[in-house]
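Below is one structure, written out as structure tokens, with a few remarks after it.
If you read the sequence from its start, that first residue is 1, and numbering goes on from there.
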Amino acid sequence: MLLSDSPLQQSARDHLLLHFSRNGSPAPLLVLERGEGPYVFDTEGHRYLDGLSSLFCAQIGYSYGEELASVAAAQLQQLAFSTVWGAAHPAAIELAETLAELMPGDLDHVFFTSGGSESVESAWKLVRQYHVANGEPQRTKAIARDRAYHGVTLGALSFTGVPNYKEQFGPPAIPVTHVSNTNMFRGPGPGEDEAAFCRRLLDEVEAAIQAEGPDTVAMIIMEPVQNAGGCLAPPAGYWQGLREIADRHGILLVSDEVICGFGRLGEWLGVERYGVVPDLATTAKGLTSAYAPMGAVMVSDKVAQPLYEAGRMLMHGITFAGHPLCAAIAVRNLEVFRRDGILENVRAQEPHLQARLDELRALPVVGDVRGAGFFWALELVKDDENTRLDADERERVLRGFLPGRLLEAGLIARPDDRGDAVLHVAPPLISDAGVIDELAAKLGEVLTDAHDVLHGKA
Ligand SMILES: Cc1ncc(COP(=O)(O)O)c(C=O)c1O
């Protein structure tokens, strides 16, 4: 069992403001100090399978420290810092060139940031400048999806569609209309097949644009597979439909790849899986596999072209964006991806991961298993009729029981009820069949107990 109230845990409670963490959780505070492969270890030496890749970041796991530390040391000794404001440095240039090579289509230009929220806000500011340069300054609105998470800094928060994340902070900085998401488990009406559901969702996007006035809408921002709500993959044809709508109205299409990018769905960009090239792609997390904090907005030729015009100044900048240390680490991380077959591993192991998770449908508490690549969610339900958990059951199971029981089983996964009650699973992209089997076994054990707790048997 985990020990609670160690001096470090106590000190954390006294001084460390934990992000998005509910105070008073019955589970002991997890204090991690070491990583190895897909595993992390706490200060008491307990080992956990990181079934969430440290919030979808640790693509290559935790065993590349030595290699990346030598890259970091060399960069820090050569040039510890320089900006990309009116100047440049070799690490940022090399990374930009590498990204341009790897990205699909004409996504050949990069604006660096320090993380996901900054990438989303930067995309918005690039989009606005593109429209202004094209003589369309009236394009000031955006379309995003219900329950989608696009970050919580004040600009990014406008796009985020989780009401209680926004309530305390006043009117959104950017006018955004939120349309239905692609929940294929709960969304389709009786008798509505995937194609009809897709058509209805796209009609709703079109109607939202018409309601706002097509020439006032600047961008559509969506994730390839939406995280919040539980790995909501798109119905077939959805992204092609978005592309067509955006093009018809002169709106820019932004794929938020902060989670889905860099291999999570087995491609450099998740949206490649759905056969579309966006106008911009917002990235972070997997760009460095989180060996350093960094984000990047990938920008198409079309969008970048006016930004390079002589005499024009890009009205946006972030001091640490493109930091040499982070850029050097990102370059090597992308090299590791290619050298060690990270995308290939995801593609090879996805069927096994899906099959092992699908077996958990046999448990009455598992209503749905959905996702793609190494990005999955299990929707937890009350019974075989897939009855949703009520507020009290969510409290008991998602907050009261699962956090502690998962840790006891040596597994990190995320219970989440921003939409329906789900358990998120997203292992490091280096995970082999054995790790996947271990993940599935631990999930089975924990969810069997969750069922008992739900029905008052434990
Ligand atoms: C899709 C998406 N966009 C943006 C963000 C914000 O990223 P960050 O937390 O790095 O600011 C996140 C964070 O998880 C995300 O999942």
Side-chain angles (χ1 to χ4, degrees), residues 2 8 12 18-21 25 27-68 115-116 227 230-231 258-266 284-293 329 333 336-337 340 342-343 345-346 349-350 352-354 356-357 360 371-378 402-416 422-447:
L2 294 152
L8 271 179
L18 296 172
H19 300 209
F20 278 119
S21 306
S25 164
L29 177 65
L30 186 61
V31 182
L32 297 172
E33 68 171 4
R34 190 168 74 78
E36 194 182 311
Y39 300 101
V40 285
F41 298 80
D42 69 16
T43 47
E44 310 295 333
H46 299 106
R47 188 183 86 154
Y48 306 90
L49 172 53
D50 186 0
L52 201 64
S53 302
S54 267
L55 269 184
F56 317 101
C57 287
Q59 316 297 70
I60 61 173
Y62 298 93
S63 287
Y64 287 88
E66 209 175 307
E67 178 173 351
L68 292 171
N227 174 40
C231 289
V258 169
I259 289 179
C260 294
F262 301 108
R264 182 64 45 204
L265 303 190
K285 301 186 189 260
L287 170 59
T288 57
S289 290
Y291 278 79
I329 287 176
N333 176 53
V336 167
F337 262 65
D340 295 354
I342 304 298
L343 300 184
N345 186 58
V346 173
Q349 293 299 337
E350 176 180 346
H352 183 58
L353 176 59
Q354 178 169 10
R356 293 308 316 267
L357 295 178
L360 298 171
F374 270 27
F375 186 36
W376 291 85
L378 290 79
L402 279 175
R405 182 66 184 85
L406 284 163
L407 295 185
E408 197 183 302
L411 175 62
I412 296 177
R414 181 165 72 169
D416 183 17
V422 296
L423 188 61
H424 284 282
V425 181
L429 310 186
I430 45 138
S431 302
D432 60 17
V435 171
I436 289 168
D437 291 342
E438 185 185 342
L439 173 71
K442 287 179 190 294
L443 285 170
E445 182 192 309
V446 171
L447 291 172

Heavy-atom donor-acceptor pair, [X] side chain to [Y] backbone, under 3.5 Å:
X      : Y      : result
Lys285 : Phe56  : no
Ser53  : Pro427 : yes
Tyr48  : Leu32  : no
Ser21  : His19  : yes
Thr288 : Ala292 : yes
Asn333 : Leu287 : yes

Looking at [X] and [Y], what are the two nearest heavy atoms and their distance?
X      : Y      : result
Leu402 : Pro415 : CB-CG, 3.9 Å
Ser63  : Gly37  : OG-N, 2.7 Å
Pro38  : Ser431 : CB-OG, 4.1 Å
Gln59  : Ser289 : CB-OG, 3.4 Å
Leu49  : Tyr39  : CA-CD2, 3.7 Å
Ala284 : Gly116 : CB-N, 3.4 Å

Sequence-distant partners of [X], salt bridge (charged side-chain N to carboxylate O under 4.0 Å, His left out), two or more places apart:
X      : result
Glu350 : Arg273
Glu33  : none
Asp437 : Arg356

(message) Restricting to side chain to side chain donor-acceptor pair (under 3.5 Å), what partner residues turn up for Asn345, sequence neighbours left out?
(response) none
(request) Quick one: list whatever passes ring-ring contact (aromatic ring centres under 6.0 Å, His included) with Phe374, sequence neighbours left out. (result)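 Expected list: none.
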Roughly how far, to the nearest 0.5 Å, is [atom2] of [Y] from [atom1] of [X]?
X      : Y      : atom1 : atom2 : answer
His424 : Asp416 : NE2   : CG    : 4.0 Å
Leu343 : Leu429 : CG    : CG    : 8.0 Å
Glu67  : Ile329 : CD    : CD1   : 11.0 Å

For residues [X] and [Y], determine if any side-chain heavy atom of one lies less than 4.5 Å from a side-chain heavy atom of the other.
X      : Y      : value
Leu30  : Ile412 : yes
Lys442 : Leu406 : no
Asn227 : Arg264 : no
Leu443 : Leu360 : yes
Trp376 : Gln354 : yes
Leu423 : Val446 : no
Ile60  : Tyr291 : yes

(request) Under the side-chain contact (heavy atoms from CB on, under 4.5 Å) rule, collect the residues that match up with Ala433, sequence neighbours excluded. (result) Gln349, His352
(request) Output, in order, the C-alpha distance, side-chain angles, deciding distance and verdict of side chain to side chain contact (heavy atoms under 4.5 Å, CB included) for Leu18 and Leu29. (result) CA-CA 10 Å; Leu18 296 172; Leu29 177 65; 3.6 Å; yes
(request) Assess whether side chain to side chain contact (heavy atoms under 4.5 Å, CB included) is satisfied between Leu353 and Leu439, documenting all intermediate values. (result) CA-CA 9 Å; Leu353 176 59; Leu439 173 71; 3.9 Å; yes
